[in-house]
There are 2 protein chains.
Amino acid sequence: MDTRQQIIDAADHLFYRNGFTHTSFTDIASTIDISRGNFYHHFKSKNEILSAVIQARLDRTKQFIEQWEKENLSPRKRIASFINILTTNKTKIAQYGCPVGTLTIELGKINHDAQPHAKEIFSLFRSWLTEQFIQLGHHKDADALAMHLLSHSQGIATMFNAFKDESFLNREVGELHHWLNTLVD
Amino acid sequence: MDTRQQIIDAADHLFYRNGFTHTSFTDIASTIDISRGNFYHHFKSKNEILSAVIQARLDRTKQFIEQWEKENLSPRKRIASFINILTTNKTKIAQYGCPVGTLTIELGKINHDAQPHAKEIFSLFRSWLTEQFIQLGHHKDADALAMHLLSHSQGIATMFNAFKDESFLNREVGELHHWLNTLVD
DNA sequence: GTCTATATAATGATAGAC
DNA sequence: GTCTATCATTATATAGAC
């Protein structure tokens, strides 16, 4: 087994569920059964682990986007795939919120150097969604539509995390799909 | 000076800006110039301080709502006052996000007992907004409209915190006001 | 009511044996 | 490459003098 990769995977998991600050080396070490001292052969510091976790999430996001490009022929269907993340991941969102939003907020509060890196995941979705809205014919307000969709999704995730109300989630996701379908070609 | 109140005020300030986990007794003590040992005369633990901070925020929220009831004659204007929080507090939101959403998410991640208490601030806004939409004549979907507005505001706060894009904020706030004004009486 | 001194546990990080 | 042992620092919390 690749220990370095095991560390990244376990840290990714724990940073999402328990937060970066609240995750200790002891926590990570115990889940993959290595000693605390072993970390420093693979990473110089906790910050370097965070950096690797963010990079892994960025890479995963890129792969998701590539998959949507392959599976869906129309930009409308690709945007619909983005909206459906909320439904697909509803169990995790109810427990831990949106992985992108919660990490960006947390790193911002502790003034962490890696906050801009974490924010790049938002930027990736933003620019990709903008491109999709352009392909839909909305050249002028494509970025505004992308930001509208991103912020609305983010808000749904936060409120679903707080109230865990499935009918709320389904209703809001339905409204997003309706909003998307009323946008003219 | 009331030391107990000073502790609550300083903790309120720091929990919002730096997060609950990342705020230490040393941080609070140094801002109001007391010793660390003095805390335990006023509070049994850090959790008791958190509890007092959340209660203070709940009380403040109730006062805000009472003020809106006094100042604004129509439910539509009262809801508009809620929307305008985003603009009024934009500087703090850009730096630290929404105080309600970020604390609720953080306490959820560390599995803190006080998370339901923090969530009550959301519930307070939710039930008050629901009442306003009922007064607007939307008896059937008042709670859905309240949740829609809450989640949308929450998403705007998160994305404004990430990108600090004022034109985005103004555009989304404008859309919320437009959405409110197109709701029939 | 406030302080100093201290207890105890946990943190991130290092050194060096194997 | 992994371990044990240890360091320095910080954390929450307690005891007791004033």
Side-chain angles (χ1 to χ4, degrees), chain A residues 1-56 102-103 106-115 117-118, chain B residues 1-56 102-103 106-115 117-118:
Chain A
M1 273 284 183
D2 184 345
T3 302
R4 188 190 145 89
Q5 191 58 47
Q6 277 188 299
I7 293 172
I8 294 171
D9 291 346
D12 190 357
H13 190 267
L14 289 165
F15 289 171
Y16 177 39
R17 280 160 182 75
N18 305 334
F20 171 72
T21 309
H22 197 249
T23 299
S24 68
F25 280 89
T26 306
D27 294 332
I28 305 172
S30 68
T31 64
I32 57 176
D33 210 41
I34 63 167
S35 72
R36 284 207 312 278
N38 194 359
F39 278 105
Y40 297 88
H41 177 75
H42 301 281
F43 298 95
K44 244 170 45 190
S45 67
K46 192 183 177 186
N47 289 344
E48 275 206 358
I49 300 179
L50 174 62
S51 182
V53 166
I54 293 172
Q55 194 54 51
T102 57
L103 183 63
E106 181 184 3
L107 297 183
K109 292 219 186 218
I110 65 177
N111 225 334
H112 199 287
D113 290 342
Q115 202 254 12
H117 194 195
Chain B
M1 275 283 185
D2 185 345
T3 301
R4 188 190 145 89
Q5 192 58 45
Q6 278 189 299
I7 292 172
I8 295 171
D9 291 346
D12 191 356
H13 191 267
L14 289 165
F15 289 171
Y16 177 39
R17 280 158 182 76
N18 306 334
F20 171 71
T21 310
H22 197 249
T23 299
S24 67
F25 281 89
T26 306
D27 294 331
I28 305 172
S30 68
T31 64
I32 58 175
D33 210 41
I34 62 166
S35 72
R36 286 204 312 278
N38 194 357
F39 279 104
Y40 297 88
H41 177 74
H42 301 280
F43 298 95
K44 244 171 45 192
S45 67
K46 190 183 177 185
N47 288 345
E48 274 206 358
I49 299 178
L50 174 63
S51 181
V53 165
I54 293 171
Q55 193 55 51
T102 57
L103 183 64
E106 181 184 2
L107 297 183
K109 292 221 185 215
I110 67 178
N111 225 335
H112 198 287
D113 290 343
Q115 202 257 9
H117 194 196

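Chain A is the first sequence line, chain B the second, and so forth, proteins listed ahead of strands; every chain is numbered from 1. Predicted, not measured: the structure shown is a model, and the values here were computed from it.
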Answer yes or no: does a side-chain N or O of [X] lie under 4.0 Å from OP1 or OP2 of [N]?
X     : N      : value
A:T26 : C:dA10 : no
B:H41 : C:dT2  : no
B:Y40 : D:dA13 : yes
B:T3  : C:dT2  : yes
B:S24 : D:dA11 : yes
B:H22 : D:dA11 : no

For a quick test of reading the model, state the closest non-hydrogen atom pair linking [X] to [Y] and the distance between them.
X      : Y      : value
B:K109 : A:T102 : NZ-OG1, 3.0 Å
B:I8   : B:V53  : O-CG2, 3.7 Å
A:S45  : A:F25  : C-CZ, 4.3 Å

| CZ of B:F43 to CZ of B:R4: how many Å apart, nearest 0.5 Å? |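 Nearest 0.5 Å value for the CZ-CZ distance: 4.0 Å.
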Atom [atom1] of [X] to atom [atom2] of [N]: distance rounded to whole Å?
X      : N      : atom1 : atom2 : result
A:F25  : C:dA9  : CZ    : P     : 22 Å
A:I110 : C:dG12 : CD1   : C1'   : 14 Å
B:F39  : D:dA11 : CZ    : P     : 12 Å
A:I28  : C:dG12 : CD1   : C1'   : 11 Å

| query | Would a 4.5 Å heavy-atom cut-off, applied to side chains only, mark A:I34 and A:I7 as touching? | reply |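 In contact.
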| Would you say B:I54 and B:L107 make side-chain contact, with heavy atoms under 4.5 Å? |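 The answer is yes, as the side chains (C-beta and beyond) meet within the 4.5 Å cut-off.
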| said: Applying a 4.0 Å non-hydrogen cut-off, can you work out what A:T23 is touching in the nucleic acid: base, sugar-phosphate, or nothing? | reply: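 Touches sugar-phosphate only.
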Listing time: all N or O pairs from protein to nucleotides 3-5 of chain D that are below 3.5 Å?
{"unit_1": "D:dC3", "atom_1": "OP2", "unit_2": "A:S35", "atom_2": "N", "d": "2.9"}
{"unit_1": "D:dC3", "atom_1": "OP2", "unit_2": "A:S35", "atom_2": "OG", "d": "3.3"}
{"unit_1": "D:dC3", "atom_1": "OP2", "unit_2": "A:N38", "atom_2": "ND2", "d": "3.4"}

| said: Go nucleotide by nucleotide along DNA chain C from the 5' end; which of B:R4 and A:K46 gets its closest nucleotide reached first? | reply: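 That would be B:R4.
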| request: Take the angle between the ring planes of A:F20 and A:H112 and call it parallel below 30°, perpendicular above 60°, tilted in between. | output: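 Aromatic pair A:F20/A:H112 classed perpendicular.
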